[in-house]
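What follows is a short report on a single structure.
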Amino acid sequence: MGWYFSRQTRAQLIQELIQPQEGERAHYHVIAHALRGNVMWSVVRITAKETGIFGLDVGESTAFIRCDLLQGSGNDWGYKPLEEAMHPYYYSCPLRYLDMAPEQCREWRDGVRAYHARRRAPTQMA
């Protein structure tokens, strides 16, 4: 997927990204989000309006972890949407989010755990 830009502030873009979305086939609701620099992590609950989306029947729900890369350009702000299943190669996702959505990419989750383990490890002074 590419980048999507519009004439709005970073704060306005973030508000837009966390608003509930009503699609033809499903309803999307952000149940948690966190910013790590210009990376926004979200847990999105999806409820199917028709059979087949995410393997769900009508009315069933599941969740997934989304990674939105944010970038400014002049007076515009844009985002690049990624999902866990795409292995986004960013690992600053809050650890608690891993318990909020079914696993879609073990290698990525291992990277998230390793990232947080490195951050918690004491630094050695030589």
Side-chain angles (χ1 to χ4, degrees):
M1 289 194 169
W3 285 84
Y4 303 94
F5 279 86
S6 60
R7 194 162 301 277
Q8 60 185 337
T9 67
R10 183 176 185 263
Q12 288 169 327
L13 173 60
I14 291 165
Q15 276 304 116
E16 179 182 312
L17 292 172
I18 63 173
Q19 292 302 307
Q21 300 289 320
E22 200 67 45
E24 273 185 41
R25 301 179 61 206
H27 174 78
Y28 302 86
H29 180 77
V30 173
I31 58 175
H33 74 281
L35 287 166
R36 301 292 185 260
N38 277 333
V39 178
M40 186 172 78
W41 295 101
S42 305
V43 178
V44 180
R45 175 149 319 279
I46 179 172
T47 303
K49 294 166 120 180
E50 64 180 54
T51 300
I53 188 156
F54 272 80
L56 301 170
D57 285 330
V58 175
E60 289 183 333
S61 295
T62 191
F64 65 93
I65 298 173
R66 187 174 76 198
C67 171
D68 289 299
L69 307 180
L70 308 178
Q71 183 174 316
S73 177
N75 293 325
D76 300 340
W77 272 89
Y79 70 101
K80 179 177 183 136
L82 303 166
E83 297 175 13
E84 173 185 349
M86 302 166 129
H87 191 145
Y89 294 98
Y90 293 82
Y91 303 102
S92 60
C93 178
L95 278 173
R96 67 185 180 91
Y97 287 13
L98 303 184
D99 294 329
M100 298 173 72
E103 182 178 283
Q104 295 183 21
C105 182
R106 178 176 299 274
E107 184 179 86
W108 177 78
R109 287 189 179 217
D110 289 346
V112 170
R113 290 182 185 101
Y115 167 85
H116 286 285
R118 282 191 305 276
R119 289 182 44 112
R120 286 191 306 263
T123 56
Q124 304 261 336
M125 298 295 255

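One-based numbering along the sequence shown. Owing to the predicted nature of the structure, the values given are computational and were not obtained by experimental measurement.
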Closest non-hydrogen contact found for Ile14 with Leu35 is CD1-CD1, 3.6 Å
Side chain to side chain contact (heavy atoms under 4.5 Å, CB included) with Thr9: which residues, sequence neighbours excluded? Ala11, Gln12
Does some side-chain heavy atom of Leu69 sit less than 4.5 Å from a side-chain heavy atom of Val39? yes
salt_bridge(Asp110, Arg113) N-O dist < 4.0 Å: yes
N/O donor-acceptor pair under 3.5 Å between His27 side chain and Pro20 backbone: no
Could you grab the distance from atom CG of Asp68 to atom CG of Asn38, nearest 0.5 Å is fine? 11.5 Å
Min side-chain heavy-atom separation Val112-Leu95 under 4.5 Å: yes
Should the ring pair Phe64 and Tyr28 be called parallel, tilted or perpendicular, given that the plane angle runs from 0 to 90° and is split at 30 and 60? perpendicular
Can you tell me how far the CD atom of Glu16 sits from the CD atom of Gln8, to the nearest 0.5 Å? 4.5 Å
So, for Phe54 and Glu83, which heavy atoms are closest and what is the spacing to 0.1 Å? CZ-OE1, 4.5 Å
The salt bridge (charged side-chain N to carboxylate O under 4.0 Å, His left out) partners of Glu22 (sequence neighbours excluded) come to Lys49
Hey, is CD on Gln19 packed in by over 12 heavy atoms from elsewhere, all under 6.0 Å? yes
Minimum heavy-atom distance Leu98-Trp108, with the two atoms named: CD2-CZ3, 3.8 Å
Could you check whether any side-chain heavy atom of Cys67 comes within less than 4.5 Å of a side-chain heavy atom of Trp41, counting everything from C-beta outward? yes
For Asp57, is the CG atom crowded, meaning more than 12 foreign heavy atoms sit under 6.0 Å from it? yes
Heavy atoms of Thr62 and Pro102 approach each other most closely as OG1-CG, 3.6 Å
To the nearest 0.5 Å, what is the distance between OH on Tyr97 and CZ on Arg66? 11.0 Å
What residues form a side-chain hydrogen bond (donor to acceptor under 3.5 Å, both in side chains) with Glu50, not counting sequence neighbours? Arg25
Are Ile53 and Val58 in one and the same hydrophobic cluster, where Ile, Leu, Val, Met, Phe, Trp and Tyr link if side-chain heavy atoms are under 4.5 Å apart? no
Whether His87 and Tyr89 hold their rings parallel, tilted or perpendicular, with breakpoints at 30° and 60°: parallel
pair Met40-Ile18: side-chain heavy atoms closer than 4.5 Å: yes
To the closest 0.5 Å, what do you measure between OH (Tyr90) and CG (Leu82)? 7.5 Å
Nearest heavy-atom neighbours spanning Phe5 and Ser73: CE2-CB, 4.0 Å
Between CZ of Arg36 and OH of Tyr115, what distance do you get to the nearest 0.5 Å? 7.5 Å
Taking every non-hydrogen atom, the tightest pair across Pro88 and Glu84: CD-O, 3.9 Å
Roughly how far apart are Ile65 CD1 and Ser42 OG, rounded to 0.5 Å? 10.0 Å
